[in-house]
4 protein chains.
Amino acid sequence: METDVTKVCHEDCATPPAGRRVAGEDPVKREQILDGAKRVFMEQGFDAASMNDITRAAGVSKGTIYVYFENKEDLFAELIQRERYRITESARHALDADVSVREALRSFGILFATHLTSEYTIKAMRMVISVNQRMPNLACTFLSATPMNPVSVLKGYLERQVAKGTLVIDDPELAARQFLELATVGFFKYRLFGTMDAPPPQSEIERVVDGGIRVFLAAYDGHGARA
Amino acid sequence: METDVTKVCHEDCATPPAGRRVAGEDPVKREQILDGAKRVFMEQGFDAASMNDITRAAGVSKGTIYVYFENKEDLFAELIQRERYRITESARHALDADVSVREALRSFGILFATHLTSEYTIKAMRMVISVNQRMPNLACTFLSATPMNPVSVLKGYLERQVAKGTLVIDDPELAARQFLELATVGFFKYRLFGTMDAPPPQSEIERVVDGGIRVFLAAYDGHGARA
Amino acid sequence: METDVTKVCHEDCATPPAGRRVAGEDPVKREQILDGAKRVFMEQGFDAASMNDITRAAGVSKGTIYVYFENKEDLFAELIQRERYRITESARHALDADVSVREALRSFGILFATHLTSEYTIKAMRMVISVNQRMPNLACTFLSATPMNPVSVLKGYLERQVAKGTLVIDDPELAARQFLELATVGFFKYRLFGTMDAPPPQSEIERVVDGGIRVFLAAYDGHGARA
Amino acid sequence: METDVTKVCHEDCATPPAGRRVAGEDPVKREQILDGAKRVFMEQGFDAASMNDITRAAGVSKGTIYVYFENKEDLFAELIQRERYRITESARHALDADVSVREALRSFGILFATHLTSEYTIKAMRMVISVNQRMPNLACTFLSATPMNPVSVLKGYLERQVAKGTLVIDDPELAARQFLELATVGFFKYRLFGTMDAPPPQSEIERVVDGGIRVFLAAYDGHGARA
DNA sequence: AATGAATGAGAGTTCATTCAT
DNA sequence: TATGAATGAACTCTCATTCAT
């Protein structure tokens with residue numbers, strides 16, 4: 001019995017938080033508020049950010065924010081909903097190109113590792129993690145279950161390769177997760193905890209991704225050749 | 001040029017926070033406070049936990065807490081220092097046993113994955129991550145640079161196996177990090193974000209560790225036999 | 001080498017405290033807060049007065065006070081600034097009248113003594129003195145360096161009398177200070193310390209001022225006649 | 001009807017605060033505590049001084065202080081009682097010497113002015129004033145009604161001079177108070193408010209005292225000679 | 001619809017005082 | 001008797017939220 005982590009999500013995890021307000025329909029103003037909130041939240045974190053700061057950054061009044069969003073948590077949740085796509089969609093085209101498996105994995109791995117260690121991603125993730133106790137569904141939604149979820153995308157790609165006989169893989173989802181981990185080998189953790197205080201340099205990412213591909217293909221290469 | 005993440009830690013990251021006060025030396029009361037604080041922090045997170053909550057949970061007065069700890073941050077930092085050992089040292093003996101490489105890696109991987117996904121570890125890590133901006137050294141200390149750091153321990157083991165010819169590894173540190181990632185394949189992330197709301201079942205951990213060992217040995221087995 | 005105490009005031013002593021906030025501009029509410037604060041401060045003194053007391057006395061919420069004033073010290077400083085004028089300007093016209101020197105000094109002395117021993121002035125001075133360590137410029141500003149400073153005003157008058165030959169005075173500033181002291185002969189001290197728990201009666205003030213004028217004119221009368 | 005300020009003191013103003021503790025009889029320890037308290041109070045003021053500071057400065061435990069003194073206010077009151085003598089007694093011998101009136105007044109005036117403007121006196125007075133609302137009797141006691149009260153001492157001297165015909169004075173008490181004010185001309189105020197942040201130099205004191213004597217003798221000299 | 005002044009509960013922290021040892 | 005750890009009320013100040021305009 002296996003757990004498909006791309007689908008595990010309890011309750012209404014993936015549904016947008018209910019209770020859309022009646023007032024506050026102007027989408028431009030809405031974006032304006034979210035932009036200001038993003039700036040402030042990213043800089044200060046959820047708790048340290050004050051609604052006054054956001055008011056100032058967004059250039060709207062306090063009352064207006066409360067017309068468009070129920071409260072601070074709601075504002076944050078909607079912001080994260082919006083940002084989710086920006087964070088997860090980036091790698092989806094890397095596997096489209098008509099290149100060798102090795103090269104495709106390389107581009108994909110580098111893109112993924114670069115993205116996952118970026119200041120922006122790390123800050124957003126830290127925030128989402130830090131409000132986890134108060135807003136459990138938010139983090140849940142944030143990480144998983146989008147159609148462009150990297151695991152799903154890579155899994156699809158691996159399945160196509162298996163069909164073509166290029167790769168030999170029993171459990172494509174596990175393999176996809178393995179590859180993603182091999183491509184980052186703890187970078188994510190080190191970044192999240194601040195042990196690395198900046199994204200790793202491009203050369204380091206390439207070194208790690210190449211090492212990961214070597215291991216990955218040693219196990220899954222369909223041609224019998226050691227990578 | 002590679003980055004040895006087991007050593008990356010700036011400033012006085014690993015030094016214990018100086019300035020232990022002279023009063024407040026009763027270790028029993030100290031533990032009592034830390035226990036209460038742990039309960040509250042684990043439940044609410046750093047910001048949401050109030051000193052009043054902790055007062056109540058610890059069964060001591062507010063003043064007493066401030067005799068033993070300088071402030072909320074100090075209390076939290078000391079708590080994390082205490083917990084760090086419990087979190088990081090568990091896996092250190094798994095590799096001592098006189099068994100085959102495969103079996104040794106299996107025990108170690110299972111222990112590590114079990115530990116890393118436990119409710120306790122996950123909550124602690126969430127908290128440490130969430131205070132990263134205010135207490136950067138804490139997270140840094142927390143994750144790395146103990147002698148029993150899993151990466152260090154495994155790296156040492158791998159080097160011994162390379163010396164014996166059992167394994168063939170260019171870069172033992174990278175390999176150690178690869179193995180640890182393969183043994184958890186994203187469990188950590190899913191747990192941290194709440195996508196998985198409970199530790200994976202033992203069977204799932206074993207399945208994933210076994211899959212990881214298969215890939216790992218495909219790349220590094222010294223005997224040429226596919227794992 | 002003499003010290004001109006009307007000018008001794010170091011640093012930015014006389015400059016109004018900078019940093020008036022943009023919000024909190026309603027002058028009515030501002031006065032309302034200052035009035036409440038005045039009542040409480042006068043009754044309790046700076047330290048003993050709590051912001052909660054002031055909140056209650058002013059009939060506004062705590063938050064509102066902090067919109068209009070940065071903190072307790074700022075509130076107090078602004079209060080004293082406001083009161084300063086009421087305290088120091090009162091005697092400025094007493095010397096304008098076209099009467100004999102003796103009568104002019106008499107009116108001025110009585111006004112000054114009455115004012116200096118009033119409950120209001122004494123309480124304000126006690127407070128200013130008691131915060132001297134924390135807000136040195138406040139006390140400094142408070143006492144001196146206004147154009148209507150009694151010493152300056154009287155000194156000017158005496159100089160004009162010297163020019164007219166009515167009085168013969170070497171050092172008009174010293175003489176001014178002497179007259180002011182003669183007009184109060186320790187009333188200020190006794191009131192400040194509470195040895196006198198009420199302003200002296202009008203008759204007592206007149207007796208003392210008359211006695212002071214007698215001494216003063218004995219020394220400085222330009223006509224050689226004993227007063 | 002005149003007010004004799006050397007006697008005006010309501011209630012039990014001059015009586016030592018009742019309620020002597022039964023325990024805490026060791027006078028050496030008592031002095032030790034008072035010495036520590038004096039150091040701390042002088043440095044920090046009444047409110048800012050904490051009992052812990054005093055504990056440390058006195059080298060005794062908290063409990064011990066509360067054996068010898070009822071509470072912080074009582075401790076302060078007793079301290080001021082003890083210090084009162086040191087502050088007021090200094091000038092008592094200045095008038096004994098067998099010298100001319102002018103010289104006697106000069107020594108006395110200089111001593112008095114020097115004393116009244118000293119850092120020690122000013123700090124003590126500021127403190128006493130600042131607790132006036134909470135401990136009204138303390139300040140009252142502090143200033144007046146000791147046998148060596150400068151007004152009383154000087155008044156006695158003046159009366160003897162009047163008896164001898166050296167001086168001609170209607171109201172010796174008023175004259176005494178006048179002289180004391182002439183000898184300080186506001187120095188006390190300027191020091192109290194911090195307009196002067198150090199005692200005036202000796203030369204300045206002499207200048208002022210000499211000016212005061214000139215005025216005083218112009219009014220009261222029994223020999224008809226202008227001073 | 002939009003504003004932003006006002007609210008007041010609640011935060012972290014201090015410290016005079018007590019009392020078991 | 002002397003101690004100093006423990007107490008908890010009270011402090012200043014913040015800020016998410018409301019609502020009269």
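Worth knowing before you read on, the calculation uses all heavy atoms, side chains too, and leaves out hydrogens, waters and symmetry mates. Lettering follows sequence order; numbering is per chain, from 1. Being a predicted model, the structure only gives us computed values, none of them experimental.
Atom NZ in D:Lys72 sits roughly 12 Å away from atom C1' in E:dT17 (whole-Å rounding). Rounded to whole Å, atom C1' of E:dT21 lies 13 Å from atom CG of B:Asp26. Taking atom CZ of residue D:Arg30 and atom P of nucleotide F:dT1, one finds them 15 Å apart after rounding to whole Å. Atom pair D:Ile33:CD1 and F:dA2:C1' shows a separation of 11 Å (rounding to whole Å applied). D:Tyr68 places its OH atom 20 Å from the C1' atom of E:dA16, with the value rounded to the nearest Å. Taking atom NZ on C:Lys29 and atom C1' on E:dT7, their separation rounds to 10 Å, with Å as the unit. For the pair C:Ile65 CD1 and F:dC15 P, the interatomic distance rounds to 18 Å; values are reported in whole Å. Here E:dA11 presents its P atom at 18 Å from CZ of B:Phe76, a figure rounded to the nearest Å.
Taking a cutoff of 4.0 Å between a charged side-chain nitrogen and a carboxylate oxygen, C:Arg134 and C:Asp47 qualify as a salt bridge.
Checked options C:Ile129, C:Val128, C:Ile122; the residue passing with C:Arg126 is C:Ile122 (criterion: side-chain contact (heavy atoms from CB on, under 4.5 Å)).
Between the side chain of C:Lys72 and the backbone N or O of C:Phe46, at least one donor-acceptor pair lies under 3.5 Å. No donor-acceptor pair under 3.5 Å is formed between the side chain of D:Glu43 and the backbone N or O of D:Ala49. The main-chain N or O of D:Ala57 is found under 3.5 Å from a side-chain atom of D:Arg39 such that the two form a donor-acceptor pair.
Side-chain N/O atoms of C:Thr64 include none lying less than 4.0 angstrom from OP1 or OP2 on E:dA5.
Residues of residues 35-59 of chain B having a heavy atom closer than 4.0 Å to DNA chain F: none are found.
Applying the salt bridge (Lys or Arg N to Asp or Glu O under 4.0 Å) test to A:Glu31 and every residue at least two apart in sequence or in another chain returns A:Arg82. Applying the salt bridge (Lys or Arg N to Asp or Glu O under 4.0 Å) test to B:Lys38 and every residue at least two apart in sequence or in another chain returns B:Glu83. Residues passing the side chain to side chain donor-acceptor pair (under 3.5 Å) test with C:Gln44 are C:Asp53, sequence neighbours excluded.
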For DNA chain E, the expected dot-bracket line (Watson-Crick or G-U under 3.5 Å, [ ] crossing, | inter-strand) is .||||||||||||||||||||
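If you check F:dG4, E:dT7, E:dT13 against the side chain of D:Ser61, the one that comes closest is F:dG4.
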Atom pairs under 3.5 Å: protein N/O with N/O of nucleotides 18-20 of chain E:
none

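When all heavy atoms of C:Gly59 and C:Gln32 are compared, the pair lying nearest together is O-NE2, 3.7 Å.
B:Thr64 contributes atom OG1, which lies 6.5 Å from atom CD1 of B:Ile33 (distance to the nearest 0.5 angstrom).
A 4.5 Å side-chain heavy-atom check between A:Val60 and A:Ile54 finds every atom pair outside the cut-off.
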